[in-house]
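Working notes, structure below.
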Amino acid sequence: MSKLLFVYDINPYQYIIVKYYYCQVRKKTFSKQYFEKKEITKSDVTSILDYVKPMVMYRISGVVNSSTDSLIIAQFISVLVTGLYTNYMMIVTAAQTLIRTGFSMITASIGRMINVADKEAVYKSFTNIINIGFIISFIAVVNFMGFVNGFVHVWAGPDSVLPTSTVLLLAINLYLTINSMPLVVYREATGCFVIRRYIPLIGAFINIGLSLALVVEFKIEGVLAATAVARILTYFWSDPNAVIVHFFNRKILWYFVKYFVNAVCVFTLGYIYMYAMVDVSGVSELLLKTLILIVVQLAMLALLNRPLVVKMVENWRK
């Protein structure tokens, strides 16, 4: 009660003086506790650099993989083809950014779980997030394959539509990228990026080298195929190995089995979607076929992930 009376009886000038004095005392106390000057030892610098260097390499590799394709296409094919490619990449980049943002939001939570929970619980959460990644890649890639040409046809005209082979290669790169995102979250949360730290640079060199070798003969398909091959030869096997084998000390076969089974389902259904949407010529027809194919897709997704769907329904009923 005395504290409440003090708060109401004090005038504004006294409050400012008391608040200033209180802040100064807290500042000095906080400074003594947390800002004591200490010399950085050589081992501290080495430890920091051991983590910074691999992160820089991953960032450089990411920029190279996402930016060099359009530059090579513009230089060796034409600016017109680059413009058509950019129309598709705008859709791909939007999907990747949205999905990557969702996964990056859980990195801190996973890092905290790794520090406070037992490894079995962390591994269980890892398998759940991997399964969620497979579901997201299923939805994103199948819809991309089925709807992107119809959307571009209605939006930019029939002359802006790329061949089926190009769309398929874009979908393969999208599939590889999305399914690598859960692994990237755990790679960064666990510090596994220090393992095989030169893999990103190797991937960048493979990407550029293969793109330059294939662009003259196979045009845009050669550049996209080079990007996919570079990912498969580096990140595709390196990230699962670093997280599953080195951190969790588990067998890795189950991951690749699920990966390929999901890939077969995705590209089989996606290929059917591509031919179902090939004659779209207007907005109403695009919307009608989109609605029908989404219903079919959700039914297939529920059948492939029946245990997860049953669990979600049970939680919803509770």
Side-chain angles (χ1 to χ4, degrees), residues 54-74 82-111 126 128-152 154-156 160 162 166-189 193 199-200 203-204 207 211 220 223-224 226-228 230-232 234-236 238-240 243 259 262-263 266-267 270 273 290 294 297 301:
M55 291 296 290
V56 172
M57 291 179 186
Y58 275 104
R59 294 295 181 266
I60 293 172
S61 175
V63 172
V64 170
N65 288 330
S66 61
S67 303
T68 54
D69 287 357
S70 52
L71 294 175
I72 292 172
I73 292 169
T82 307
L84 302 180
Y85 169 76
T86 304
N87 290 339
Y88 284 75
M89 281 306 299
M90 181 177 64
I91 300 170
V92 171
T93 304
Q96 289 179 354
T97 303
L98 179 64
I99 298 166
R100 186 177 287 110
T101 301
F103 279 115
S104 63
M105 289 172 64
I106 64 173
T107 305
S109 299
I110 291 170
F126 169 74
N128 289 335
I129 291 174
I130 288 294
N131 289 330
I132 291 171
F134 286 144
I135 292 172
I136 292 173
S137 67
F138 184 98
I139 295 171
V141 176
V142 167
N143 283 297
F144 175 78
M145 292 179 68
F147 305 134
V148 69
N149 271 349
F151 176 76
V152 172
V154 173
W155 167 47
S160 300
L162 290 174
T166 306
V167 175
L168 180 61
L169 287 167
L170 284 168
I172 291 172
N173 280 306
L174 180 61
Y175 183 79
L176 292 169
T177 302
I178 293 173
N179 282 311
S180 69
M181 291 178 188
L183 291 165
V184 170
V185 170
Y186 277 86
R187 185 187 71 199
E188 294 182 354
F193 53 82
I199 285 291
N207 188 7
S211 295
I220 187 172
V223 177
L224 295 173
T227 302
R231 288 185 181 278
I232 292 169
T234 52
Y235 299 104
F236 172 71
S238 175
D239 285 348
V243 176
Y259 198 101
N262 191 59
V266 165
F267 290 103
Y273 272 32
T290 299
I294 285 176
Q297 175 185 308
L301 191 62

Checking side chain to side chain contact (heavy atoms under 4.5 Å, CB included) for the pair Met90/Thr93: CA distance, chi angles, key distance, verdict? CA-CA 5 Å; Met90 181 177 64; Thr93 304; 6.0 Å; no

Heavy-atom closest pair, residues [X] and [Y]:
| X | Y | answer |
| --- | --- | --- |
| Ile178 | Gly133 | CG2-O, 4.1 Å |
| Ala140 | Leu174 | O-CD2, 4.3 Å |
| Ser160 | Asn87 | CB-ND2, 4.4 Å |
| Leu176 | Ala228 | CD1-O, 3.9 Å |
| Val243 | Tyr186 | CG1-CB, 3.9 Å |
| Phe103 | Val185 | O-CG2, 3.4 Å |

Just by distance, do the side chain of [X] and the backbone of [Y] share a donor-acceptor pair under 3.5 Å?
| X | Y | result |
| --- | --- | --- |
| Asn173 | Leu224 | yes |
| Thr82 | Ala74 | yes |
| Tyr175 | Ala263 | yes |
| Tyr85 | Ser70 | no |

Separation between [atom1] of [X] and [atom2] of [Y], rounded to the nearest 0.5 Å:
| X | Y | atom1 | atom2 | value |
| --- | --- | --- | --- | --- |
| Ile72 | Asn207 | CD1 | CG | 7.0 Å |
| Leu98 | Gln96 | CG | CD | 11.0 Å |
| Met181 | Arg187 | CE | CZ | 11.5 Å |
| Ile73 | Ile220 | CD1 | CD1 | 4.0 Å |

Can you find a side-chain donor-acceptor pair between [X] and [Y] that sits under 3.5 Å?
| X | Y | answer |
| --- | --- | --- |
| Ser137 | Asn262 | yes |
| Asp69 | Thr227 | yes |
| Asn179 | Tyr235 | no |

Close side-chain approach of [X] and [Y], heavy atoms under 4.5 Å:
| X | Y | answer |
| --- | --- | --- |
| Leu183 | Ile130 | yes |
| Phe126 | Ile110 | no |
| Phe267 | Val141 | yes |
| Val167 | Val148 | yes |
| Thr177 | Arg231 | yes |

Could you list the residues that satisfy side-chain hydrogen bond (donor to acceptor under 3.5 Å, both in side chains) with Thr166, not counting sequence neighbours?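 Listed in chain order: Glu221.
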
Between Ile129 and Phe134, is the side chain to side chain contact (heavy atoms under 4.5 Å, CB included) condition met? List the steps. CA-CA 9 Å; Ile129 291 174; Phe134 286 144; over 6 Å; no

